[in-house]
Amino acid sequence: MKKILLSIAAVSAVAAAVPAVASAQAYGPGPGYDRGYDRGYQDVGGDRVARLDQRIDMGIRSGGLTRNEAWRLKGDLRETARLESRYRRGGLSGWERADLDRRYDRISAQIRYERHDGDRYGRRY
């Protein structure tokens, strides 16, 4: 009987403590809330730029990209990354997000095309 009463007391104590803990949680936007301009779009370019740059480097190593192709692609990538930093100064709007996505997609397609176009180091044209 004592064990049952002790277990009931323990369960009720835990049940009483749970709402107190839950009420300690913060409501509303957390730190760094940006009014929705960047919501769900935190890393447009950071990781994507690194992946595209890595693909260019892999193309150079494999011989799929010539130096001129790689130089031009890296320039386009740098220019787009600079544009993204300018866009981010005032918060990204929907149009700016779409513009950056389009630009990064175009660079990705160019990398894919240039790596498979048949121009290789060591080949005579």
Side-chain angles (χ1 to χ4, degrees):
M1 185 76 164
K2 275 185 174 180
K3 288 182 182 179
I4 294 173
L5 288 176
L6 285 175
S7 62
I8 291 173
V11 168
S12 64
V14 169
V18 170
V21 172
S23 67
Q25 295 176 355
Y27 290 98
Y33 181 69
D34 61 355
R35 295 189 175 87
Y37 293 115
D38 281 342
R39 197 173 325 158
Y41 205 70
Q42 293 298 325
D43 195 21
V44 175
D47 198 30
R48 193 168 183 182
V49 169
R51 284 192 315 264
L52 290 171
D53 190 49
Q54 183 180 24
R55 285 179 55 202
I56 294 170
D57 291 340
M58 286 172 33
I60 294 170
R61 278 190 300 244
S62 72
L65 290 175
T66 64
R67 286 185 186 151
N68 288 336
E69 291 169 343
W71 182 77
R72 185 180 46 77
L73 289 168
K74 283 193 179 247
D76 290 346
L77 191 58
R78 272 192 310 272
E79 182 181 323
T80 304
R82 269 192 226 114
L83 179 65
E84 180 183 0
S85 68
R86 276 186 288 175
Y87 281 169
R88 282 191 181 274
R89 286 185 194 142
L92 289 172
S93 68
W95 180 88
E96 291 168 337
R97 282 193 297 263
D99 183 44
L100 289 172
D101 274 336
R102 248 188 330 271
R103 289 172 187 263
Y104 285 126
D105 288 344
R106 183 181 54 81
I107 292 170
S108 179
Q110 284 177 332
I111 293 170
R112 183 173 40 255
Y113 173 78
E114 296 292 350
R115 284 187 72 184
H116 300 293
D117 68 350
D119 295 344
R120 292 186 168 272
Y121 285 125
R123 262 198 196 172
R124 295 194 179 195
Y125 306 124

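Values in this document were obtained by computation on a predicted structure and should not be read as measured data. We number each residue from 1, following the sequence as shown.
- Thr80 places a side-chain N or O within donor-acceptor distance of the main-chain N or O of Asp76, the cut-off being under 3.5 Å.
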List the steps and the verdict of side-chain contact (heavy atoms from CB on, under 4.5 Å) for Arg51 and Arg55. CA-CA 6 Å; Arg51 284 192 315 264; Arg55 285 179 55 202; 5.7 Å; no

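- Side-chain contact check for Trp71 versus Thr66: every heavy-atom pair is 4.5 Å or farther apart.
- No continuous path of hydrophobic side-chain contacts links Tyr113 to Leu73 [ILVMFWY only; heavy atoms under 4.5 Å].
- Here Arg103 pairs with Asp99 under the salt bridge (Lys or Arg N to Asp or Glu O under 4.0 Å) rule; sequence neighbours left out.
- Residues Arg48 and Leu100 are not in side-chain contact: their nearest non-hydrogen atoms beyond the backbone lie 4.5 Å or more apart.
- One finds the CZ atom of Arg106 at 13.0 Å from the CG atom of Asp101 (value rounded to the nearest 0.5 Å).
- Rounded to the nearest 0.5 Å, atoms CD1 (Ile111) and NE2 (His116) are 11.0 Å apart.
- Across Asp117 and Glu69, no two heavy atoms sit closer than the pair OD2-OE2, 3.2 Å.
- One distance of note links CZ of Arg89 with OG of Ser85; it measures 5.5 Å at 0.5 Å rounding.
- Of all non-hydrogen atoms in Ser62 and Arg115, the two that sit nearest each other are OG-NH2, 3.8 Å.
- Between the CD1 atom in Ile60 and the NZ atom in Lys74 there is a gap of 5.5 Å [rounded to 0.5 Å].
- To the nearest 0.5 angstrom, Glu114 atom CD is 12.5 Å from Ile107 atom CD1.
- Salt bridge Asp53/Arg78: absent, no basic N to carboxylate O contact under 4.0 Å.
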